[in-house]
Amino acid sequence: MNRFRGGFEAVPRWTIVVAAVGGALVLLPLAAMATRVNWGGFLALVSSESSVAALELSLRTSLAATVLCVLFGVPMALVLARTSFPGQRVVRTVVLLPLVLPPVIGGIALLAAFGRQGLLGHTLEVLGVEIAFSTTAVVIAQTFVALPFLVLSLEGSLRVAGTRYEAVAATLGARPTTVLARITLPLVFPALLSGAVLSFARALGEFGATLTFAGSLQGTTRTLPLEIYLQREMDPDAAVALSLVLVVVSLVVVGLTLRTVPDGQASDRGSGRSFLGLGSRSGGLS
Amino acid sequence: MSLRSVAAVAFAAVLAVAVTACSAGTPASPTAESGPAAKTVSARGSITVFAAASLTATFSELAKKFEAAHPGVSVETSFAGSSELVAQISAGAPADVFASADTATMAKLTTASLVAGAPVNFATNVLEIAVPPKNPAAVRSFADLARPGTKTVVCASVVPCGAATVAVERSTGVALSPVSEENSVTDVLGKVSSGEADAGVVYVTDVKAAGSSVRGIAIPRAKQSVNTYPIAVLKGAANPTTARAFDRFVTGPIGRSVLVAAGFGAP
């Protein structure tokens, strides 16, 4: 990305050294964990009944959470990017809050809202909806923590894409919904895709809010991270093996995200399609 | 780590001076009181105590009492599920003393030869049912927990309170289908006191410590599957002298009175 045609060095050499140390900080623990894997028993460990149930539950709930993120996140990003209203900065800050909030706090907050004794608990009980200790609780917790990824990614991209084409379409008589479907969404599709994939990854890794809000029961609420946490106590080998599975899944997911962002396009458009859209709008959290 | 070794060296130096001073001074000085003086010499510096989640209240109190009895000593406590603590200790967490909620979990450390000397049993505990104050599911017995629609939370079978729960299930012939299997007994209690669950299987002492936020319902059969709590000084203890003093303090009369007041039984 820093290849300049003039042939001069793009970055001072010392930054490369520091960058390598930073990279090692991330890579070393993961590599060290890989050395702990008991390869002989790997397959048996990751294919145990509880492991498979946890992986299956994780994939199912993360997928559902991703769908919810797209469903709610796209309109949220549109409203934040294309309209202006009093208190918009505050709203944006609150929407992005789960990004920086310790997940256990998210869990406590979700309990306060959707728990049996929570704000909506009684109403939900009357409606016959039981959220506590259900898979629904897991999906809600995952959506809570993953939603900001989609909103942030998409809003940045919407702002960079600008409103020129949309204005032209509107003057030609297209209705707002037509403009959205035919112009706006296709324009920001890569950002929508990478936002969705990141939301999925975040949902897959969700632990704290789930444990606090949903509990831990095989096949119902015990997702892969919770299973790893429990296995750590009785079978560290299984915990390491499952951790490796989650690392690989996450790697694939992040790899996919980066592939949706072609290098050239990203720099041409002022990183409008950059990772999370952070490059285009540095004041995102202010 | 380095701070710890510096502290250890400093401690050793202080101890050496103190011991020399003592052995030189005591016979000659008629005013020296051997009791308190011996205490100050034997316990110095700081120790870290890892204790089962169900010991949170009692060991916090015992740590304070121990500090008060031994000026200059500070006791750091860390509470979690016993298995979690064993995992931490096995991974090299700096702890001087470990108190487990059952002998099986302590045995993991003794087999790994991470314990100095033999663990000493210092308390027992039995399971009880905890329900929210209003008892929404009208639970009256252990068998009621298996009723469909009753949201029961238990400990996962890999942690001591969960193993004890399984034992009670076997002896009563009641098979529970819990809505959640938590990693520690305090997590179970939290789900009950917050009203999320209708009932939880916890220790008698947890119900007592929770005060008015939960109600306890005895499980007569639980008396047959009593949990025994062992305590041990760890081989990797940075401050073994003070660790042993704390060990004796817990198993001694003051420890006994604090534990009994909290509802623990004698081993």
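Lettering follows sequence order; numbering is per chain, from 1.
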Side chain, backbone, both or neither: which part of [X] has a heavy atom under 4.5 Å from chain B?
| X | value |
| --- | --- |
| A/Gln218 | neither |
| A/Thr220 | neither |
| A/Ser134 | neither |

Selection from B/Lys108, B/Glu181, B/Glu182 maximising heavy-atom pairs under 4.5 Å formed with chain A: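 Ranked by contacts with chain A, first place is B/Glu181.
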
Between [atom1] on residue [X] and [atom2] on residue [Y], distance to nearest 0.5 Å:
| X | Y | atom1 | atom2 | result |
| --- | --- | --- | --- | --- |
| A/Leu230 | B/Ser157 | CG | OG | 7.5 Å |
| B/Glu84 | A/Tyr229 | CD | OH | 4.5 Å |
| A/Thr212 | B/Asp187 | OG1 | CG | 8.5 Å |

Take atom [atom1] of [X] as the centre, draw a 6.0 Å sphere, and report whether it contains more than 12 heavy atoms from other residues, nucleotides or ligands.
| X | atom1 | answer |
| --- | --- | --- |
| B/Arg147 | CZ | yes |
| A/Arg60 | CZ | yes |
| A/Trp39 | CH2 | yes |

Taking the side chain as everything from C-beta on, heavy atoms only, tell me whether B/Val158 gets closer than 4.5 Å to A/Arg232.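 Sidechains of A/Arg232 and B/Val158: no contact.
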
Flag the pair A/Phe133 / B/Lys191 as yes when at least one side-chain heavy-atom distance between them is below 4.5 Å, and no otherwise. yes

Indicate the atoms forming the closest heavy-atom contact of [X] with [Y], along with that distance.
| X | Y | value |
| --- | --- | --- |
| B/Gly195 | A/Gln117 | O-NE2, 3.5 Å |
| B/Ser180 | A/Ser216 | OG-N, 2.7 Å |
| B/Lys151 | A/Ala132 | NZ-O, 4.2 Å |

Assess the residue pair A/Glu130 and B/Val179 against the criterion (side chain to side chain contact (heavy atoms under 4.5 Å, CB included)); give the C-alpha distance rounded to whole Å, side-chain angles, the decisive distance to 0.1 Å, and a yes or no. CA-CA 12 Å; A/Glu130 292 207 27; B/Val179 291; over 6 Å; no

Contacts with chain B made by residues 108-115 of chain A (heavy-atom distance under 4.5 Å), listed by residue number: A/Leu111, A/Gly115

Heavy-atom contact with chain A under 4.5 Å, split by part of B/Ser194: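 Contact with chain A: backbone only.
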
